Amino acid sequence: MKQFLSENFLLQTETARRLYFDYAKDMPVIDYHNHLPPDEIAQNKTFANMTEIWLKGDHYKWRAMRANGVSEDLITGGADDFTKFRMWAETVPFTARNPLYHWSAMELLNPFGIRETLNGSNAARIYETCNAQLPQYSTRSLLQHFNVKALCTTDDPADSLEHHKALAAEGFGVKVLPTFRPDKAMAVEDPPAFKAYLDKLGAAAGIEIHSYHTLIEALKKRHDYFHAAGGRLSDHGLNYFIYSDFTEAALENAFQQVFAGRQLDAAATAMFKSATLHFICQWNHGKGWAQQFHVGAIRNNNSRLLKKLGADAGVDSIGDWAMAEAMSRFFDRLDANDQLAKTIVYNLNPSYNEVFATMVGNFQDGSVAGKMQFGSGWWFLDQKDGMEKQMNALSNMGLISRFVGMLTDSRSFLSYSRHEYFRRILCNLFGNDAANGELPADIPWMGKMVQDICYNNAKAYFNF
């Protein structure tokens, strides 16, 4: 029986171990999509205790605790911080075979050096041991500890980006760059909330938004602002890909209906979203940006917890919608006019892996190696099985050698262990293929490919 979380964790062959330790382990990190708060990096925040750094905002853990019978007051409610930590510690043994079990053990080991598996009986001791180390692990020191060279936060077009600018002016050694996330500018399903958002966006852009034309003008102005602040990526959270024909008159009519507080029908909603996203993608291409599409989540399923806690409360799941035709037509309209930017698509429903992997291959154009990317296992799929399935689909349908690799997609500064997790799984895939005679036992050749996937491909692709 092998030891849990040994130095050879997840590495089943000698080739896998050589690939990981000689090639992958010490490669830097480019975290091109996360939800880290830029103000906490600018302030170089330190954390009061493990609950604040580890549990606050982590809806993965919240979801597991609820499933384990923990009441909401002890998860997100008024309980004291240690009680919340203890509730998590008591839940950890029940997360066996869930990725949270691996992630929790890895995050305690690195950076805190804790090799014990967390449970209720050792919760107090581990809490105090880690708390004693937290003063040395500020936000910036953690980024440096995990060898992060660049990271891209997720930012609304109306955000000031003051913290990104301050970090750039200060010359902090890790590039902290903004990502343009305009989802709220297309959220016409809720007219009052949409109109309130237009006021916020208009104030940021210095434009009174009263028409579809002025909405696009404001978004374009903020897109330019993000570019001046170092932004080179947009990101879009979609239930499913949307394609619709549109005219200027039809878009203006739809805008005025929403502006007046009226609900759009499904066709007008689809047109509004499709057109707005199309224009933003044109700007991305014009500026040489990359664009990301996170597709397939059905969000906020529990209305009671949504009302109590807001979005991102751990009540989202995998959705199931038709994807292929709309995705094809959306990309084709851009490609036909030479306006398709570098694109990464992330799929949340594993039954669509091959659909996504083959779709991106339709729009490679030879201008950039791996211009169209089937993105890494995301959200419910950023675990061993999900990552292996994504990489196998990519390998079978495209070029894994051109893959831009892993991202954290996290709000936690301790989540960089996920890059180690990914790298071990990646090396194990190649190592098993070599052991089975399915790849040549050429360690330098495979090692170079592994290093490219871990870091070099992303460095060349984003050119930060």
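Count residues from 1 along the sequence. No experiment lies behind these values; they were computed from the predicted model shown.
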Visitor: Just say parallel, tilted or perpendicular for the rings of Y127 and F85, cut-offs at 30° and 60°.
Guide: tilted
Visitor: Which atoms form the tightest heavy-atom contact between D382 and G377, and what is the distance?
Guide: CB-O, 3.2 Å
Visitor: Before we go on, tell me: are the rings of Y421 and H102 under 6.0 Å apart, centre to centre?
Guide: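 For Y421 and H102, the ring centres are under 6.0 Å apart.
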Visitor: Under the side-chain hydrogen bond (donor to acceptor under 3.5 Å, both in side chains) test against T153, which residue among R181, H35, H164 passes?
Guide: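 Among the candidates, only H164 passes.
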Visitor: Taking all non-hydrogen atoms of both residues into account, name the closest pair between W62 and G57 and its distance.
Guide: CZ2-N, 3.2 Å
Visitor: Centroid separation under 6.0 Å, is that true for the rings of F112 and Y137?
Guide: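 Yes, close enough.
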Visitor: Using a cut-off of 6.0 Å, state whether more than 12 heavy atoms not belonging to R232 lie near its atom CZ.
Guide: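 It does: R232 CZ has more than 12 such atoms within range.
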Visitor: For K149, give me all partners under side chain to side chain contact (heavy atoms under 4.5 Å, CB included), at least two apart in sequence or on another chain.
Guide: P28, N147, Y455
Visitor: Can a donor-acceptor pair be found between the side chains of N284 and S234 at a distance below 3.5 Å?
Guide: yes
Visitor: What residue pairs, at least two apart or across chains, pass ring-ring contact (aromatic ring centres under 6.0 Å, His included) with a residue in residues 197-220?
Guide: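 Found Y212-F272.
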Visitor: Identify the heavy atoms of D452 and S401 that sit nearest to each other, and give their distance.
Guide: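 Scanning both residues, the minimum pair turns out to be CB-O, 4.4 Å.
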Visitor: Starting from the C-alpha separation in whole Å, work towards a yes-or-no answer on side-chain contact (heavy atoms from CB on, under 4.5 Å) for L118 and S104.
Guide: CA-CA 8 Å; L118 183 63; S104 297; 5.9 Å; no
Visitor: Going by an N to O cut-off under 4.0 Å, is there a salt bridge joining K308 and E72?
Guide: no
Visitor: Heavy atoms only: give me the nearest G314-R66 pair and the separation to one decimal.
Guide: O-NH1, 3.7 Å
Visitor: Tell me if a side-chain donor or acceptor on K342 pairs with a main-chain N or O of Y461 at a distance below 3.5 Å.
Guide: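 The answer is yes, because a donor-acceptor pair under 3.5 Å joins these two groups.
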Visitor: A quick test of your reading: do over 12 heavy atoms of other residues, nucleotides or ligands sit less than 6.0 Å from NZ of K45?
Guide: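 Yes, NZ of K45 has more than 12 neighbouring heavy atoms, counting only those of other groups under 6.0 Å.
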Visitor: In Å, rounded to the nearest 0.5 Å, how long is the span from CE of M87 to CD1 of I75?
Guide: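 Result: 10.0 Å between the selected atoms.
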Visitor: List the steps, then state whether side-chain contact (heavy atoms from CB on, under 4.5 Å) holds for M50 with L108.
Guide: CA-CA 10 Å; M50 282 295 288; L108 287 176; 4.1 Å; yes
Visitor: Keeping Q451 on the side-chain end and N456 on the backbone end, is there a donor-acceptor pair under 3.5 Å?
Guide: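 Flag not set: sc Q451 to bb N456 has no pair under 3.5 Å.
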Visitor: Is K195 paired with D199 through a side-chain N to carboxylate O contact shorter than 4.0 Å?
Guide: no
Visitor: Which one of Y346, Y240, F241 satisfies the ring pair (Phe, Tyr, Trp, His ring centres under 6.0 Å) criterion with F293?
Guide: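 The ring pair (Phe, Tyr, Trp, His ring centres under 6.0 Å) with F293 is passed solely by F241 among Y346, Y240, F241.
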Visitor: Identify the two heavy atoms, one from I425 and one from L10, that lie closest to each other, and give their separation to 0.1 Å.
Guide: CG1-CD1, 3.9 Å
Visitor: Taking the six-membered ring of Y60, is NZ or CZ of R418 closer than 6.0 Å to its centre and within 45° of its axis?
Guide: yes
Visitor: In plain terms, say whether R424 and E420 are close enough for a salt bridge, that is, a side-chain N and a carboxylate O under 4.0 Å apart.
Guide: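 Salt bridge: yes.
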Visitor: When rounded to the nearest 0.5 angstrom, what distance separates CH2 in W88 from CG in N119?
Guide: 12.5 Å
Visitor: Which heavy-atom pair separates V174 from V148 by the least distance, and what is that distance?
Guide: CG2-O, 3.2 Å
Visitor: Taking everything shown except E208 itself, do over 12 heavy atoms lie less than 6.0 Å from its CD?
Guide: no
Visitor: Distance-only, no hydrogens or angles: does the S415 side chain make a donor-acceptor pair with backbone N or O of S410 under 3.5 Å?
Guide: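 Such a contact is absent between S415 side chain and S410 backbone.
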Visitor: Who passes ring pair (Phe, Tyr, Trp, His ring centres under 6.0 Å) against F255, sequence neighbours left out?
Guide: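 Listed in chain order: F259.
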Visitor: Looking at the rings of H33 and W378, which for Trp means the six-membered one, are their centres under 6.0 Å apart?
Guide: no
Visitor: Supply the atom-to-atom distance L309 CG to H59 NE2, rounded to the nearest 0.5 angstrom.
Guide: 12.0 Å
Visitor: Does Q373 reach the main-chain N or O of G405 with its side chain, forming a donor-acceptor pair under 3.5 Å?
Guide: no
Visitor: Does a donor on one side chain sit under 3.5 Å from an acceptor on the other, for N110 and S417?
Guide: no
Visitor: Who are the side chain to side chain contact (heavy atoms under 4.5 Å, CB included) partners of D80, not counting sequence neighbours?
Guide: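 D80 satisfies side chain to side chain contact (heavy atoms under 4.5 Å, CB included) with F82, T83 only.
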Visitor: Taking N34 for the side chain and L36 for the main chain, is one N or O donor matched with an acceptor at less than 3.5 Å?
Guide: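 The answer is yes, because a donor-acceptor pair under 3.5 Å joins these two groups.
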Visitor: According to ring pair (Phe, Tyr, Trp, His ring centres under 6.0 Å), who are the partners of F356, at least two apart in sequence or on a separate chain?
Guide: none
Visitor: Hey, can you tell me if Y101 and F4 have their rings parallel, tilted or perpendicular (30° and 60° cut-offs)?
Guide: tilted
Visitor: Return yes when atom CZ of R18 has more than 12 non-hydrogen atoms of other residues, nucleotides or ligands closer than 6.0 Å, and no otherwise.
Guide: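 Not buried by this count: 12 neighbours or fewer within 6.0 Å.
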Visitor: Test your reading of the model: is there a side-chain donor-acceptor pair from N68 to the backbone of V70, 3.5 Å cut-off?
Guide: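 No: the side chain of N68 does not pair with the backbone of V70.
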Visitor: Is it the case that over 12 heavy atoms from other parts of the model lie below 6.0 angstrom from the CZ atom of R299?
Guide: yes
Visitor: Does a donor on one side chain and an acceptor on the other come within less than 3.5 Å for T51 and D81?
Guide: no
Visitor: Distance check, rounded to the nearest 0.5 Å: Q292 atom CD versus L233 atom CG?
Guide: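 CG of L233 is found 5.0 Å from CD of Q292.
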Visitor: Would you call D224-K287 a salt bridge at under 4.0 Å N-O?
Guide: yes
Visitor: Taking atom CD1 of I318 and atom CD1 of I298, what is their separation to the nearest 0.5 Å?
Guide: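 One gets 11.5 Å once the value is rounded to the nearest 0.5 Å.
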Visitor: Drop me the distance from K84's NZ to W54's CH2, to the nearest 0.5 angstrom.
Guide: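 K84 atom NZ to W54 atom CH2 measures 15.5 Å (nearest 0.5 Å).
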Visitor: Pair up each side-chain donor or acceptor in residues 20-27 with any protein partner under 3.5 Å, not counting sequence neighbours, and list the distances.
Guide:
none

